[in-house]
Amino acid sequence: MKKIKWSVIGAGGIADRRAIPGLLLDPRNELVAVMDMRPEEAERVAKKYNVPAFYSDAEEMLKTEKCDAVYIATPVFCHYEQAMLALKYGVNVFMEKPITLGSEEGEKLVAAFKEKGLQLTIGYMMGYHNLHVKARELVQSGGLGKLNLARMQFSCWYPEIPGAWRQKKAMGGGGCIMDLAVHCMELFTSITGEEIAEIKSFYATKTFNYEVEDSAVIAFRSESGVLGHIDVNFNIPDACSIAKLELYGTDGCIYAENTLSQVEAGKLKYIYAPQGGYDAAQDHAEGMAKTYYGKGGNMYTKQFKAFNKLLGGTPDYTNAERAVRIQKLCDEIYQ
Ligand SMILES: NC(=O)c1ccc[n+]([C@@H]2O[C@H](COP(=O)([O-])OP(=O)(O)OC[C@H]3O[C@@H](n4cnc5c(N)ncnc54)[C@H](O)[C@@H]3O)[C@@H](O)[C@H]2O)c1
């Protein structure tokens, strides 16, 4: 079995918490080096996962280690330059969401990867959740009839933290829209196969004393006319942050709870109830209902497996181009 040689840029955050453990669950992956701008973090992560080399300079690592791919998990403002640096050294890139601070940089990045024929993939892992795969099957096989309405809610408690890059506009590009709503936008497209054509939002920094928004209500319309809304907040206590994903069609609906997550958890209720005529009693008689559960798999392992399949073959920019379109929607909201 040929191993895929990986390195990591930005090893201390989500890389350590979720992505490296997910990567190493697949024996095809070999982690040869990690880099973090904080040398002690690079060393700590290297020791934790038995990685032979660690660096505090990304260029030195890319130059020294001959890797097939690099996983970039740094703050958003670093993404463009670090992905371009990897490209310079001929390394395929798997980079965390959102792609870049704005869509212009994202477009340039995708064009540069296309020109060199290297793979660029952005880490929208939630599409790999078994319940989102189920939702995709149900919607795309017509199990909801004609789709009319989408509704998503995603939140957490994120108070002021001194030095936090996500709380600075120039470093994160925005607040809960850039951090949470982008996942909802990506899931809408990946589940329904429909692009968001038009978007509007009210957003505010209501609770906390930082530069970026801590609350947003987003309304959108898809290409085929599905109407949707997304609520994202940084100011709802974690215990009350029950993530929701709902899709309603002419013949049925999907109601998923706590599936927008870093773990493959939560549940999804599917109701199939084609109605026909008007029922004046509106007694909400249930149709055929079935509940599915998260299987506890690892979405990070699955996203890296999908990426590995593309290496050595024809690059696929579907995911990166979608990430740029999501960035355009964010740009529109902030403008
Ligand atoms: N897909 C997901 O599940 C998920 C979850 C959380 C974060 N993210 C994304 O991952 C990225 C990082 O977020 P995070 O929460 O891990 O942030 P973080 O601040 O917790 O960790 C970032 C790490 O990068 C290092 N770093 C910062 N600047 C660097 C630079 N210039 N060069 C090298 N290393 C540098 C920091 O020292 C730190 O160890 C963001 O794009 C974020 O949106 C994705």
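Values below: every heavy atom of this structure, side chains too, minus hydrogens, waters and symmetry copies. When a ligand or atom number is given, it counts from 1 through the structure's own listing order.
Under 4.0 angstrom from ligand 1, the non-hydrogen atoms of Ala73 all belong to its backbone.
Among protein heavy atoms, the minimum distance from atom 40 (C) of ligand 1 is reached at Thr74 O, 3.5 Å. Closest protein heavy atom to atom 37 (O) of ligand 1: Asp36 OD1, 2.6 Å. Scanning the protein for heavy atoms near atom 21 (O) of ligand 1, the closest one is Gly13 CA, 3.4 Å. Counting protein heavy atoms only, atom 24 (O) of ligand 1 is closest to Gly10 CA, 3.5 Å. Considering only non-hydrogen protein atoms, atom 1 (N) of ligand 1 sits nearest to Glu96 OE1, 2.9 Å. For atom 43 (O) of ligand 1, the nearest protein heavy atom (residue, atom name, distance) is Lys97 O, 2.8 Å. Taking atom 27 (C) of ligand 1 as the reference point, the nearest protein heavy-atom neighbour is Pro75 CD, 3.3 Å. Scanning the protein for heavy atoms near atom 18 (P) of ligand 1, the closest one is Trp165 NE1, 3.8 Å.
Taking the side chain as every heavy atom from C-beta outward, Tyr80 and Ile99 never approach each other to under 4.5 Å. Considering only heavy atoms from C-beta on, Ile72 comes within 4.5 Å of Val93 through its side chain. The shortest distance between side-chain heavy atoms of Glu96 and Val76 does not fall below 4.5 Å.
Tyr270 has its ring centre no less than 6.0 Å from the ring centre of Tyr255. Centroid-to-centroid, the aromatic rings of Phe188 and Phe220 come within less than 6.0 Å.
Geometric assessment of Lys63 against the ring of Tyr55 yields a negative cation-pi assignment under the 6.0 Å and 45° thresholds.
At least one heavy atom of Gly123 sits less than 4.0 Å from an atom of ligand 1. Under a 4.0 angstrom heavy-atom cut-off, Met125 registers as being in contact with ligand 1. Taking 4.0 Å as the cut-off, Gln82 counts as a neighbour of ligand 1 on heavy-atom distance. In this structure, Tyr124 has no heavy atom closer than 4.0 Å to ligand 1.
Between atom CD of residue Gln119 and atom CG of residue Asp68 there is a gap of 13.0 Å, rounded to the nearest 0.5 Å. To the nearest 0.5 angstrom, Glu186 atom CD is 12.0 Å from Leu329 atom CG. Atom CD of Glu257 is separated from atom CD of Glu246 by 9.0 Å, given to the nearest 0.5 angstrom. For the atom pair CD (Glu213) and SG (Cys176), the distance works out to 4.5 Å, reported to the nearest 0.5 Å.
By the 3.5 Å distance cut-off applied to N or O atoms, Ile14 is counted among the residues near ligand 1. Every N/O-N/O distance between Glu41 and ligand 1 stays at or above 3.5 Å. In terms of polar-atom proximity, Met37 is counted as a contact of ligand 1, with an N or O under 3.5 Å from an N or O of the ligand.
Here atom 7 (C) of ligand 1 lies nearest to Arg166 when heavy atoms of Gln262, Arg166, Gln303 are compared.
Annotation for ligand 1: atoms under 4.0 Å from non-hydrogen atoms of Met35 are 32 (N), 33 (C). Every atom of ligand 1 with a heavy atom of Arg17 under 4.0 Å away is listed here by number and element: 15 (O). Atom numbering of ligand 1 starts at 1 in the shown order; those under 4.0 Å from a heavy atom of Gly12 are 39 (O). Near His79, the atoms of ligand 1 lying under 4.0 angstrom from a non-hydrogen atom of the residue are 41 (O). Distances below 4.0 Å separate heavy atoms of Tyr300 from the following atoms of ligand 1: 2 (C), 3 (O).
With sequence neighbours left out, the side-chain hydrogen bond (donor to acceptor under 3.5 Å, both in side chains) criterion links Asn92 to no other residue.
Note: Phe94 and Tyr71 have tilted aromatic rings, judged against thresholds of 30 and 60 degrees for the angle between ring planes.
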Without placing hydrogens or testing angles, list every side-chain donor-acceptor pair under 3.5 Å for residues 308-316, not counting sequence neighbours.
{"from": "Asn308", "atom 1": "ND2", "to": "Asn29", "atom 2": "OD1", "distance (Å)": "2.8"}
{"from": "Asp316", "atom 1": "OD1", "to": "Thr318", "atom 2": "N", "distance (Å)": "2.8"}
{"from": "Asp316", "atom 1": "OD1", "to": "Thr318", "atom 2": "OG1", "distance (Å)": "2.4"}

